[in-house]
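Reminder, nothing fancy here: chain letters follow the sequence lines and each chain counts from 1. Atom set for the values below is all heavy atoms of this structure, side chains included, hydrogens, waters and symmetry mates excluded.
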Amino acid sequence: MDLKQLYQDIILEHGKSPRNFGKFNGYSHHARGHNPLCGDLVQIYLKLNNEKKVEKLTFEGSGCAISMASTSIMTELVKGNSFDVAKNIISIFLNMIKNNLDIKSTELNEDQKTKIMSLSGVNQYPMRVKCATLAWHTLASAMDEKKEEVNTEITE
Amino acid sequence: MDLKQLYQDIILEHGKSPRNFGKFNGYSHHARGHNPLCGDLVQIYLKLNNEKKVEKLTFEGSGCAISMASTSIMTELVKGNSFDVAKNIISIFLNMIKNNLDIKSTELNEDQKTKIMSLSGVNQYPMRVKCATLAWHTLASAMDEKKEEVNTEITE
Amino acid sequence: MNIKTIKSEFPIFSNKVNGKTLVYLDSSNSSQKPKSVLNSLDNFYKNEFSNIGRSIHSLAVNATNKYEETRMSIKNFINASSKDEIVFTKNATESINLVATTFGQQNIQKGDEILITELEHHSNYVPWHYLRETRGAVIKFAPIDENGDIIIDKLKELITSKTKIISVTHVSNVTGTIVPIKDIVEIAHKRNIPVLVDGCQSAPHIKINVKDLDCDFYVISCHKVYGPTGVGILYAKKKWLEKLPPYIGGGGMISEVKKDKITYASVPEKYEAGTMPTAEVVAFNESIKFIQSIGIENIMKHEKEITDYALEKLKTINSVNIIGNPKNKAGVISFTLKGIHPHDISTIVDEEGVAIRAGHHCCQILHEKLGLAATARASIGIYNTKEDIDILCQSIEKCRKVFE
Amino acid sequence: MNIKTIKSEFPIFSNKVNGKTLVYLDSSNSSQKPKSVLNSLDNFYKNEFSNIGRSIHSLAVNATNKYEETRMSIKNFINASSKDEIVFTKNATESINLVATTFGQQNIQKGDEILITELEHHSNYVPWHYLRETRGAVIKFAPIDENGDIIIDKLKELITSKTKIISVTHVSNVTGTIVPIKDIVEIAHKRNIPVLVDGCQSAPHIKINVKDLDCDFYVISCHKVYGPTGVGILYAKKKWLEKLPPYIGGGGMISEVKKDKITYASVPEKYEAGTMPTAEVVAFNESIKFIQSIGIENIMKHEKEITDYALEKLKTINSVNIIGNPKNKAGVISFTLKGIHPHDISTIVDEEGVAIRAGHHCCQILHEKLGLAATARASIGIYNTKEDIDILCQSIEKCRKVFE
Ligand SMILES: Cc1ncc(COP(=O)(O)O)c(C=O)c1O
Ligand SMILES: Cc1ncc(COP(=O)(O)O)c(C=O)c1O
């Protein structure tokens, strides 16, 4: 295990200054996520436009550096993509975290790959995986228009 | 531990041919005893006459050699005595079993002492103590005109 | 398979009891434990101990993983669909209470019927009796025949439109009857009735496949499966665990707790409140590995051999009466001896180092049916040998001498 | 008293965690175990194992006696009136559920009130919440002040003629608040209201005298008292155990079982259904002996010294915020670090071998009150030294560096 792998500069930076933070009016999708172990909560707001493109994506909530950074990075990566690509990015991320896989997707450019890979250190910290994945599961839930709150105890 | 001490001839003999077995009409006192561990049941029937003397004392039930012999010997020892002497014999017996004491009572003759002492081997077999004492507790309960069934789980 | 080697895995057999070699024939009550299980317990406490699921430090992470590994082993051992279908309890009795209470809350109204059998252990009767007391349920008992087999036709007849659940043992802890669970589940499911199976006497002895049995609930007591005391298992189809209300409430089984509202964790955590028997669950994994290393088929074969030998030999002793003669019998042999009470038998054979059980074995309904207050019981485990049976028989002869 | 010697009694401290010496500051979650307890466990399983209370062979007799010896030790340890007032459960959570369920069945009607406090662990809230759901009870929360002390006057005001029971912790597992139980019991008993005390955080740390407290119920979790997992204790005044209905039903807790009727064993057996955690109960006797060999006064003194040292030292670290400042504080120190989430703290200090807990510690009500989703918590056991605290503080400094 290597703490530096977990707390990379990019993580610390996003953790401190999360992008796309806050609620906005006129969102088309919304979901709420909860990690009962630590009490962290996240809310995702999303606007899909007529072409089914993620026009806007923001979040509210509080949590550890890992969860804040992961959420912030997620919003940056997903925003601007089509529904299907967005869904694909989510599954690329979850796959990476769960199965310790390299990113081989052609849908991501190098910069995006670097960003997503910055979260791969979480792998070595099983109790922190849920911190990293909560927002992603919640986004998926918002996109699928599920009514139930996402609960990390259920998603794994 | 010595099996011969537990299963003395007198015990085996009383176990096989219990004295004062069966119910009789016209009893003045009655009680029911139960050992939940083995399921043994005993019923005591007793007639106190006008002088408060135990005129008749019998029992019904089934159980192991120890419990049958103990009950049978008890009826022999107690029958014919006054209420108070009978009560005293009960406490002498229970004391002997519980505290491993010698019998020093002047209320008992040598023959009676021998009989009661024949049950003292039970001492060495803690799980069998209840077999030996059930009938005695039940008799005490009958004499006190208690309504509840005697339960060896409660009496110790 | 060498039983000597297997027996030597159990430290207790290097001890003397009353100066005699221990002949342990009380495995239906609780089994002895192999070294590997004890080593695991000791190792866990000495090197790895932590509470699970709460803290996120290294010890806690490791302990949580080990705990979950046992859950996965059990899933495989009984062929469940998912490890989420395995709930840890304190014993099989709690497992049955969990189902009776939560199922009762949701499904039992006044006059509804619960169908059990005359073979059941008190632990598979008292929890249902509570529903009789608190919710006005009716309990029916499927009868057994003189061999100790459940009369399936009668069981069928007892099912009505009010029957809400059937709860039945897989193997009787008195007669050793192996109950045709699959048939009963089929009958029940045709009428949409769920079935709970009490697997206390089957888990260490016969192959269990809950998917094949298709039962809704299956309960096991780990201490009878060469595991530590303090752990039980409830298998339940996931749909039930999700649908039924929670049971014991407290830390670890909640999702969000507010002053006016509480939501619960998902399954199986929803049913695991408070600090669990962590070390014991972890060590139980070794019990499963122990059984798997021998192979359940080999265990069945060995135990059948010893059981058949015992039945044969006991029958040659005059005045021994064996209770029940079921079609399929596991290694549980209850018997009486003419003129000698089971408690006296137990005390006398104990003097020879032979541990058997005397009493009603928590089956008073069955004993009432048999017209007996008590029986003596010799029950077989993987470590028993023909020599054990020989010593049992000799010590029974001794009983007869004492009482001659 | 030599802490080095005491610490050396705990095998776990000879291990490395992440290559570092283990600094265990998670004893409020669960304590480590001394050798004598582990030896007892191992010895019992290896040489003496048998189920208790059922069979009458020598092993069973011996096991039953040892099990009852622990009951007697607990009676003396907490100064109960009789060993029949000690019931074994699987954990404190079950103990509270036992009381809530059985007391509720008998005494809670729609609109009746249950008074708890904002300090309570989920295990002392969820079981009462069930009575809100199933019986229409009302739950009231006695508030705490900004120091983390219960405002006794407010508690008093919350008592009405409908208050049926008060359930309160002895020591908070977040703020370390030592609650003035005697005062609360006095207030309650004046109005004939029984009191349950959650003693999970007091049992290993401060002197317990249930006769002096005069509480009606007292619950303890053995794994926090240097004992094995899988065992809890319920102390209850005998009149309550006799009066309340049974809880878990099954083998061992019955007197007579008929097809139409069941009668129950006397206390405490009435509440001990199924096979109990025998070996763990037996081994727990060694935990009590361990505490007694050091002396609870010495333990209190040592832990106070370490706690005071820790508070002092933590306060010198900029940006550390300690949660609560109660009048009397046990060795439980929850804190936050400005700008760093407790989970990140825990992960980083873990890298230095320091085991603390991060989260809501099963006290969401309290955390809501504090306006925090989570806190970090260092909790003290008998084996902790000033050096442990030094390492904790150094590793907290490291957190700050990582996040600078
Ligand atoms: C104050 C308090 N109450 C109750 C509990 C529950 O104890 P257990 O998890 O052993 O049931 C705990 C510990 O988790 C606690 O700290
Ligand atoms: C058939 C059967 N069911 C249930 C039980 C109860 O198991 P436990 O005592 O472990 O809860 C037993 C064992 O005593 C049993 O033999």
Side-chain angles (χ1 to χ4, degrees), chain C residues 11-12 15 17-18 26 29-30 32-33 38 41-42 45-47 49-51 54-59 90-94 97 121-123 125-127 129-130 141 221 223 228-230 248-251 254 257 259 262 273-275 277-280 343 346-347 350 355 357-358 362 364-365, chain D residues 11-12 15 17-18 26 29-30 32-33 38 41-42 45-47 49-51 54-59 90-94 97 121-123 126-127 129-130 141 221 223 228-230 248-251 254 257 259 262 273-275 277-280 343 346-347 350 355 357-359 362 364-365:
Chain C
I12 200 153
N15 289 295
V17 170
N18 297 327
D26 199 17
N29 192 352
S30 194
Q32 296 297 339
K33 327 296 175 201
L38 305 186
L41 257 186
D42 203 48
Y45 278 125
K46 276 193 178 141
N47 302 315
F49 182 75
S50 164
N51 206 339
R54 301 176 171 194
S55 295
I56 59 167
H57 51 70
S58 299
L59 283 176
K90 70 172 176 178
N91 53 29
T93 300
E94 188 193 354
N97 277 268
H121 189 279
H122 294 160
S123 292
Y125 171 25
V126 185
H129 168 73
Y130 287 172
F141 296 82
S221 235
H223 68 94
T229 42
I248 291 185
I254 53 85
V257 175
K259 276 191 179 168
I262 294 177
T275 300
T278 319
E280 292 70 25
H343 273 196
S346 178
T347 296
D350 182 47
R357 184 165 170 193
C362 300
Q364 285 188 16
I365 299 298
Chain D
I12 200 153
N15 290 295
V17 170
N18 298 325
D26 199 17
N29 192 351
S30 194
Q32 296 298 339
K33 326 296 173 202
L38 305 186
L41 258 186
D42 204 47
Y45 279 125
K46 275 193 179 141
N47 302 315
F49 181 74
S50 164
N51 205 339
R54 302 176 168 193
S55 294
I56 58 168
H57 52 70
S58 299
L59 284 175
K90 70 172 176 178
N91 54 29
T93 300
E94 188 192 354
N97 277 268
H121 189 279
H122 294 159
S123 292
V126 185
H129 167 73
Y130 286 173
F141 295 83
S221 234
H223 68 95
T229 44
I248 291 183
I254 53 84
V257 175
K259 276 191 179 170
I262 294 177
T275 300
T278 319
E280 293 69 26
H343 272 195
S346 178
T347 296
D350 183 47
R357 185 167 168 189
C362 301
Q364 285 188 18
I365 300 298

Go through [options] and name the one with the most non-hydrogen pairs under 4.5 angstrom from chain D.
options	value
C/Ile365, C/Val257, C/Asn91	C/Val257
C/Gly251, C/Ser50, C/Ala92	C/Gly251
C/Glu94, C/His122, C/Gln32, C/His121	C/His122

For [X], is it the side chain, the backbone, both or neither that has a heavy atom under 4.5 Å from a heavy atom of chain C?
X	value
D/Lys46	both
D/Tyr45	both
D/Tyr130	side chain
D/Asn15	side chain
D/Leu38	both

How about D/Arg357 and C/His57: do any of their side-chain heavy atoms sit closer than 4.5 Å? no

Write down the atom of C/Pro127, the atom of D/Gly249, and the distance for their closest heavy-atom approach. CG-O, 3.4 Å

Report the option among [options] that has the most heavy-atom pairs separated by less than 4.5 Å from atoms of chain C.
options	value
D/Val126, D/Asp42, D/Thr278	D/Val126
D/Val17, D/Thr347, D/Ile56, D/Leu41	D/Ile56
D/Pro11, D/Gly274, D/Ser55	D/Ser55

Starting at [atom1] of [X], measure out to [atom2] of [Y] and round the result to the nearest 0.5 Å.
X	Y	atom1	atom2	value
C/Leu59	D/Ile12	CG	CD1	5.0 Å
D/Phe141	C/Lys259	CZ	NZ	6.0 Å
D/Asn29	C/Thr275	CG	OG1	6.5 Å
D/His129	C/Ile254	NE2	CD1	11.5 Å
C/Ile248	D/Asn97	CD1	CG	5.0 Å

Considering only heavy atoms, which portion of C/Ser221 lies under 4.5 Å from any heavy atom of chain D: side chain, backbone, both, or neither? neither

Report the C-alpha distance between D/Thr229 and D/Glu280 in whole Å, list the side-chain angles of each, state the deciding distance to 0.1 Å, and finish with yes or no for side chain to side chain contact (heavy atoms under 4.5 Å, CB included). CA-CA 7 Å; D/Thr229 44; D/Glu280 293 69 26; over 6 Å; no

